[in-house]
Each structure stands twice: as C-alpha cells, then as structure tokens.
Amino acid sequence: MDECHQWLNCQEIDTELVVNEQIGEGAVKNVYRGQWKGNTIVINKLKNPNFRDDFQDGLTNLMNFQPDTHVVQLIGYCWDSDLFITEYHELKSADRIEEIFYKNQHLDNLQKRFEICLKYIEIINFLHTGLNETRVMCDSNEPHKALSQLLVRDDLSLILNDADALPQVNRGKNELIKCGHKELTGDYVAPEQLWPFDSTFSDSHMPGYDEKTDIWKIPDVCKVLFNERPGSTGLLLKLFDINIRCKNENPLERPTAQEVYLVYQKVYNNIFNINHIE
C-alpha cells in the first residue's frame with residue numbers, strides 16, 4: 001500500500017467499497033476484485049454459512065500473522081458482513097504458475113523456478129515456526145491445491161494467502177491435528193494421513209499427526225514447479241538425498257522445514273554460483 005492506514009472497519013467498508021468482478025471461488029468463500037478510494041483490493045466474502053467457523057478462523061489467522069512479508073496484507077474486515085479485504089496481486093494464485101510463465105517467457109528458467117520453490121519452503125518454515133506456533137497447511141492434498149493457497153507477487157516470489165485451514169500443533173499439551181473430518185487418499189498425502197486400519201473409516205478413531213505432513217509434500221510441490229525444464233534432472237539428483245529424507249515413512253525421521261530450506265538453498269547457490277539468496 002502507498003501509506004499506512006488502520007484496518008478498515010465496517011463503516012468504511014460499507015460506505016466506500018466498490019465490488020467489481022469475481023476472481024476466485026472456493027468451498028468457504030468467494031473472492032472479488034474491488035476498489036477502495038481508488039486502490040485496487042481483494043474482497044473475501046463468506047460463501048457458505050456452514051463454513052463460517054472456517055472463514056472466521058482464516059481471518060483470525062491473517063490478523064495474527066500481520067504484519068509479515070510471508071503473508072498477504074490484511075486491509076480491513078467486518079465480522080457482521082462476513083467479509084475481509086486484502087491487497088491485490090495481479091498475477092493471482094501460484095497454481096497458475098505455468099500460465100504466468102507462458103505470458104512471461106523471458107522469465108521462465110530453472111533458476112527462477114528454483115527461487116519460487118525456495119520461497120514455498122520458506123513459507124512452510126514460517127508456518128512451522130512463526131509466532132512461536134506450529135501450523136500445518138491442510139489445504140494441500142495435491143501439489144496444485146497447495147500452490148493455490150499462495151499468491152504470486154510481481155517479482156514472482158510467493159506469499160501465503162489462504163489461512164482458512166492452518167490447524168495448530170501443540171506439543172506442550174500433546175495436541176496433534178487432523179486435516180478435516182473425511183478420509184484422505186492418494187499418493188501425495190503423507191502416510192500418516194491415510195486411514196491405517198482395515199475397517200471402515202471413522203473420524204473419531206483416525207490418529208492425529210503433526211507438521212511433518214508438510215515436509216513429505218515439499219519434493220512433489222517443487223518438482224511440479226521445476227516442470228522438467230532443462231537442467232531439472234541434474235538438479236533433482238543433487239536434491240535426491242534430502243528428498244529421500246522428506247519421504248521417510250516415519251515422520252520423526254523427516255527433517256524440519258528449516259533443514260530442508262538450508263539444503264535446497266545450498267544446492268541453489270552451488271548450481272547458480274550465488275553466495276546467498278534473500
């Protein structure tokens with residue numbers, strides 16, 4: 001934003017907000033482009049009253065995360081109207097990354113894709129360690145779903161946008177988490193997220209798990225980002241050992257997000273002859 005301003009309140013939103021076209025939709029909310037005093041902003045509006053708790057959790061998380069360079073900027077909110085306003089990013093969500101590169105082919109190279117991968121891991125580490133909390137990115141049952149939770153800045157770096165499904169692990173109270181109440185399936189989710197018994201799935205009997213589910217998914221997300229670009233095969237060979245550790249069946253044996261980031265960063269620096277990356 002151009003200047004500092006307190007979060008917009010209900011009165012300011014009701015009297016000065018202009019709603020334009022819809023630019024996104026999910027199970028919890030509809031997303032619109034809008035204007036406030038000539039500034040382009042994003043309006044997040046509750047879609048289904050049955051998901052009001054999820055919507056309010058997402059807003060509360062955004063409020064608690066502010067201000068942070070890893071997270072989209074909150075501009076205002078109104079509990080009574082079930083909406084909140086965030087900054088607008090023209091490139092939108094990271095699941096559109098191939099479309100973005102197609103329109104900006106001069107930027108499409110393995111180095112830039114690796115930098116986006118590093119930013120993804122950095123955001124995961126922020127969720128695991130930021131604010132002295134451990135959050136798990138639950139809306140991530142396949143790579144493109146994980147990327148849809150993030151926005152792409154003009155410089156092609158990433159920021160966290162969707163904070164609806166970020167349950168908190170509390171080891172002090174021995175509290176683990178579960179991503180929703182339905183059975184999860186597929187090769188992408190971590191083994192501990194799969195129903196472990198021969199009987200019919202029961203949410204009440206499903207064991208909990210922790211943030212190491214995010215670690216399991218990092219190699220898959222970054223492989224999607226690399227998208228078999230020239231040099232990616234050799235790159236994946238250099239990342240082989242750390243990726244194998246991420247894919248350990250035992251969550252306790254997987255590295256932390258910080259450890260993964262440091263190894264990936266070292267490989268990046270060696271390949272592209274860079275001393276460090278911001």
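We count residues from 1, following the sequence as given.
- A salt bridge links Lys103 with Glu99: at least one charged nitrogen is closer than 4.0 Å to a carboxylate oxygen.
- Between Phe201 and Trp195 the shortest heavy-atom distance is CD1-CE3, 3.4 Å.
- Looking only at distances, a side-chain donor or acceptor of Glu259 sits under 3.5 Å from a matching main-chain atom of Thr256.
- In the hydrophobic cluster analysis, where Ile, Leu, Val, Met, Phe, Trp and Tyr join through side-chain heavy atoms closer than 4.5 angstrom, Val72 is grouped together with Tyr77.
- Scored by the ring pair (Phe, Tyr, Trp, His ring centres under 6.0 Å) test, Phe240 finds no partners at all (sequence neighbours excluded).
- Residues meeting the disulfide (SG to SG under 2.5 Å) test with Cys246, sequence neighbours left out: none.
- At a threshold of 4.5 Å between non-hydrogen side-chain atoms, the residues Leu74 and Trp7 count as touching.
- Counting all heavy atoms, side chain and backbone alike, Cys138 lies closest to Ile177 at SG-CD1, 4.0 Å.
- Note: Glu211 CD to Gln168 CD = 11.0 Å, rounded to the nearest 0.5 Å.
- Formation of a donor-acceptor pair under 3.5 Å by the Lys45 side chain with backbone atoms of Ser81 is found in this model.
- To the nearest 0.5 Å, atom CD1 of residue Ile159 and atom OG1 of residue Thr69 are 9.5 Å apart.
- When atom types are taken as modelled, the side chain of Thr134 and the backbone of His128 share a donor-acceptor pair closer than 3.5 angstrom.
- Remark: the Ser140 side chain and the Lys217 side chain contain an N/O donor-acceptor pair separated by less than 3.5 Å.
- Ring centers of Tyr268 and Phe272: under 6.0 Å apart, within the cut-off.
- Applying the side chain to side chain donor-acceptor pair (under 3.5 Å) rule to His106 yields no partners; only residues at least two apart in sequence or on another chain are considered.
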What verdict does the side chain to side chain contact (heavy atoms under 4.5 Å, CB included) test give for Tyr32 and Val18, after you've listed the backbone C-alpha separation in whole Å, the side-chain angles of each residue and the deciding distance to 0.1 Å? CA-CA 10 Å; Tyr32 304 87; Val18 177; over 6 Å; no
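- Using a distance-only test at 3.5 Å, with no hydrogens or angles considered, no donor-acceptor pair links the side chain of Asn174 to the main chain of Arg171.
- With hydrogens and angles ignored, the 3.5 Å screen pairs no side-chain donor or acceptor of Tyr120 with any backbone N or O of Glu115.
- Considering all non-hydrogen atoms of both residues, Ala257 and Ile215 come closest at N-CD1, 3.4 Å.
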Determine whether Asp214 and Trp216 satisfy the following criterion, side chain to side chain contact (heavy atoms under 4.5 Å, CB included), listing intermediate values before the conclusion. CA-CA 5 Å; Asp214 288 335; Trp216 173 273; over 6 Å; no
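- Applying the 6.0 Å contact sphere to CZ of Phe197 captures more than 12 heavy atoms from other residues, nucleotides or ligands.
- Ion pairing between Glu98 and Arg113 holds under the 4.0 Å rule for side-chain N and carboxylate O.
- Between the side chain of Arg52 and the backbone N or O of Leu46, no donor-acceptor pair lies under 3.5 Å.
- Side-chain atoms of Gln35 and Thr40 form a donor-acceptor pair, as typed in the model, at a separation below 3.5 Å.
- At distances below 3.5 Å, not a single donor-acceptor pair connects side-chain atoms of Gln66 with backbone N or O atoms of Met63.
- A salt bridge links Asp220 to Lys247: one of the charged nitrogens lies within less than 4.0 Å of a carboxylate oxygen.
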Before giving the answer on side chain to side chain contact (heavy atoms under 4.5 Å, CB included), spell out for Leu239 and Ile242 the whole-Å C-alpha distance, their side-chain angles and the decisive distance to 0.1 Å. CA-CA 6 Å; Leu239 296 172; Ile242 187 63; 4.3 Å; yes
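- Looking at Arg229, its side chain does come within 3.5 Å of a backbone N or O of Asn227 through a donor-acceptor pair.
- Scanning all heavy atoms of the two residues, the minimum distance from Tyr261 to Leu118 falls at CE1-O, 3.5 Å.
- If you chain together hydrophobic residues whose side chains sit under 4.5 Å apart, Ile218 and Val136 never meet in one group.
- With hydrogens and angles left out, the side-chain atoms of Tyr264 and Asn243 include a donor and acceptor closer than 3.5 Å.
- Under the rule for a side chain to side chain donor-acceptor pair (under 3.5 Å), Asn141 has no partner lying at least two apart in sequence or in another chain.
- Salt bridge Glu192/Arg254: present, at least one basic N to carboxylate O contact under 4.0 Å.
- Applying the salt bridge (Lys or Arg N to Asp or Glu O under 4.0 Å) test to residues at least two apart or on different chains, the pairs with a partner in residues 126-142 are Glu133-Arg135.
- Here the CG-CG distance, from Leu91 to Leu156, works out to 6.5 Å after rounding to the nearest 0.5 Å.
- Side-chain heavy atoms closer than 4.5 Å link hydrophobic residues (I, L, V, M, F, W, Y) into clusters, and following such links, even through other members, never connects Leu83 to Ile23.
- Taken to the nearest 0.5 Å, the CD1 atom of Ile43 stands 9.0 Å off from the CD1 atom of Ile13.
- In this structure, Ser157 contributes its side chain and Arg153 its backbone to no donor-acceptor pair below 3.5 Å.
- Using a 3.5 Å distance cut-off with no hydrogens or angles, the side chains of His181 and Asp203 do pair a donor with an acceptor.
- Taking CZ of Phe114 as the reference point, atom NZ of Lys119 lies at 14.0 Å (rounded to 0.5 Å).
- Between Thr213 and Tyr209 the shortest heavy-atom distance is CG2-CD1, 3.6 Å.
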Show your working on side chain to side chain contact (heavy atoms under 4.5 Å, CB included) between Val71 and Leu62 and close with a plain yes or no. CA-CA 8 Å; Val71 184; Leu62 277 184; 3.5 Å; yes
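- Between Glu16 atom CD and Asn39 atom CG the span is 11.0 Å, to the nearest 0.5 Å.
- Nearest heavy-atom pair across Phe55 and Asn44 is CZ-O, 3.6 Å.
- Side-chain N or O atoms of Asn170 include one that pairs as donor or acceptor with a backbone N or O of Lys173 at under 3.5 Å.
- Look at Glu25 and Lys47 and you find a salt bridge, because one of the NZ, NE, NH1 or NH2 atoms lies within 4.0 Å of a carboxylate O, short of that distance.
- For residues 157-169, every residue pair satisfying the salt bridge (Lys or Arg N to Asp or Glu O under 4.0 Å) rule, not counting sequence neighbours, is listed here: Lys29-Asp162, Lys29-Asp164.
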